[in-house]
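A short worksheet on the structure shown next.
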Number of protein chains: 2
Amino acid sequence: MKKVPSAVIPRLSLYYRTLLESRKDFLSSEEISKLTYFSASQVRKDLAYFGQFGIPSKGYHTEKLKKAVEKILGLDKKWEVALIGVGNLGSALLSYKGFSRQGFYIHYAFDKDKRKIGKRVSSVLIRDISQLEMVIKRKKISLAILALPKEEAQSIVDRLVNCEIKAILNFAPIRPYVPKGVVVLNIDLSIELERLAYFLKQSLK
Amino acid sequence: MKKVPSAVIPRLSLYYRTLLESRKDFLSSEEISKLTYFSASQVRKDLAYFGQFGIPSKGYHTEKLKKAVEKILGLDKKWEVALIGVGNLGSALLSYKGFSRQGFYIHYAFDKDKRKIGKRVSSVLIRDISQLEMVIKRKKISLAILALPKEEAQSIVDRLVNCEIKAILNFAPIRPYVPKGVVVLNIDLSIELERLAYFLKQSLK
DNA sequence: TAGATTGTTAATCGATTAACAATC
DNA sequence: TAGATTGTTAATCGATTAACAATC
């Protein structure tokens, strides 16, 4: 199978949302294009990486394609997620109800602050960071979200890598080093704001 | 001047961080490469879009380059930012101290919830959303952060566009429509988690 | 069958990398 | 001057778009 460019995956997520909302039995690539602002060519090509889902002259069966994309993205599974760092941002993520709809469950949270340990946020127990390795191994957690200060990020990443975590969503404003075979997605708010500031400067000229 | 590819800007932000942390007088593209994991070619090319900052056989004067990048990214200016939606995520953003270091000041926050209006979060007054247009025009706010439910996002974006906001950081899980000349950067946590889930599925095979 | 739309191949576009003359 | 590293041009790579034969 041809290698799937990584930009395809977030587009699949957006197609999926469109499929969820559609009330038509069939959708053509042209219609999906209208709804998502991606080109019809791109829609067809993206889907073709994973199989032949369409019917010439009809388009894609909405329900079947939905199921197929669900499977591709792993939304048919449940994923246990560990949150590390229960500050303002961490608490907000814990309280967000939207994740469970896609099968992501933040059932485990860690912090090093003794005043937080033992408390609950959105009914999730905050555990001592020293328990990190033990809990991750026992509970088959495969995904971690980092919401902690940049000073602590790399050492926690190292510990996560050590207990076989393969995927990390990082909110700390550093780009942690990870060995091959592990992915980190960095969500770096300062960088996004700087991109906007750059754009603003341009548009003022 | 040649058009600057948009991927250059976030890299500049990362070079900038490196410059802030460096204690050397000069840095070569090779050294910047080592520190950022971007290629030395790319470092030189990215910088060359904006001028000739380097000295052959010496490299880049750290302090001068820092100042130059600061100017390019608009970090030498102060930016007034409006936050719309003071829920869990909005409150976390208000409380985050890191933005002001880059010149971003969230001095204005809006919500429609009567119980929140009039209260303060991190000393910022929460205003009635009905005041949005008035305050934005008066206070020369040029940047908006959206942290509200997806149902409300598009209508607020429309109002922001109407009062000449040109740059929006959107956390709501939709891709709002904006006319040309306005940028929206979407930070969509579900999509990022889905990317990670896809990667995990692959690596388990 | 005729019309519509897929899946796929080829063409285009843009971004990254490599190479090297210019120059401090 | 010799050595090092820039800025820039050319080559490569990868992703997007266009075109169209296959097919329902």
Side-chain angles (χ1 to χ4, degrees), chain A residues 1-15 18-19 22 24-69 72 175 191 195 198-199, chain B residues 1-15 18-19 22 24-69 72 175 191 195 198-199:
Chain A
M1 196 165 88
K2 273 276 279 316
K3 199 195 162 284
V4 181
S6 63
V8 171
I9 308 306
R11 285 199 298 267
L12 282 187
S13 290
L14 293 165
Y15 303 153
T18 300
L19 295 170
S22 172
K24 300 183 81 175
D25 280 351
F26 280 84
L27 283 174
S28 68
S29 58
E30 195 56 59
E31 288 170 306
I32 297 175
S33 167
K34 289 262 166 50
L35 293 165
T36 58
Y37 304 109
F38 299 114
S39 75
S41 270
Q42 189 154 59
V43 172
R44 291 200 298 279
K45 192 143 220 276
D46 285 350
L47 295 174
Y49 281 109
F50 302 95
Q52 307 201 154
F53 304 110
I55 302 171
S57 93
K58 293 199 77 174
Y60 300 88
H61 185 91
T62 309
E63 201 54 32
K64 280 185 188 161
L65 187 58
K66 204 191 87 188
K67 286 272 184 295
V69 175
I72 295 163
R175 326 205 98 198
I191 287 180
R195 290 170 71 170
Y198 173 79
F199 171 83
Chain B
M1 193 166 87
K2 272 276 280 316
K3 197 194 164 286
V4 180
S6 62
V8 170
I9 307 307
R11 285 199 297 267
L12 283 187
S13 289
L14 292 165
Y15 304 153
T18 300
L19 296 169
S22 171
K24 300 183 81 174
D25 281 351
F26 281 83
L27 282 174
S28 68
S29 57
E30 196 56 58
E31 289 171 304
I32 298 176
S33 167
K34 289 262 167 48
L35 294 165
T36 58
Y37 305 108
F38 299 113
S39 75
S41 269
Q42 189 156 57
V43 171
R44 293 200 298 280
K45 191 144 222 273
D46 285 349
L47 295 174
Y49 282 110
F50 302 96
Q52 308 201 154
F53 303 110
I55 302 171
S57 95
K58 294 200 76 177
Y60 300 89
H61 185 92
T62 310
E63 201 54 34
K64 280 185 187 160
L65 186 58
K66 204 192 84 185
K67 286 270 186 296
V69 175
I72 295 163
R175 328 206 97 198
I191 287 179
R195 289 170 72 169
Y198 173 78
F199 171 83

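Numbered from 1 within each chain, the chains take letters A, B, ... in sequence-line order. FYI, side chains are in, hydrogens and waters are out, and symmetry mates aren't considered; it's all heavy atoms of this structure.
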Spacing between [X] atom [atom1] and [N] atom [atom2], to the nearest angstrom:
X: B:K3; N: C:dA15; atom1: NZ; atom2: P; result: 6 Å
X: A:E30; N: C:dT5; atom1: CD; atom2: P; result: 9 Å
X: A:L47; N: C:dT5; atom1: CG; atom2: P; result: 16 Å
X: A:H61; N: C:dT5; atom1: NE2; atom2: P; result: 17 Å
X: B:Y60; N: D:dT5; atom1: OH; atom2: P; result: 12 Å

What closest approach, in Å, do [X] and [Y] show between heavy atoms, and which atom pair accounts for it?
X: A:E31; Y: A:F26; result: OE1-O, 3.9 Å
X: A:S33; Y: A:V43; result: N-CG2, 4.3 Å
X: B:K24; Y: B:T62; result: O-OG1, 2.7 Å

Presence of salt bridge, B:E63 and B:K66, under 4.0 angstrom: yes
Under 3.5 Å on both distances, the Watson-Crick or G-U partner of C:dA22: D:dT5
Complementary nucleotide for D:dT16 - Watson-Crick or wobble, under 3.5 Å: C:dA11
Test side chain to side chain contact (heavy atoms under 4.5 Å, CB included) applied to A:L65 and A:L47, A:T18, A:L27, the passing residue: A:L47
Contact pattern, 5' to 3', of nucleotides 16-24 of chain C - B, S or - by protein heavy atom under 4.0 Å: BBBB---BB
Straight-line distance of B:I9 CD1 to B:L14 CG, nearest 0.5 Å: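 If I round to the nearest 0.5 Å, the distance is 11.5 Å.
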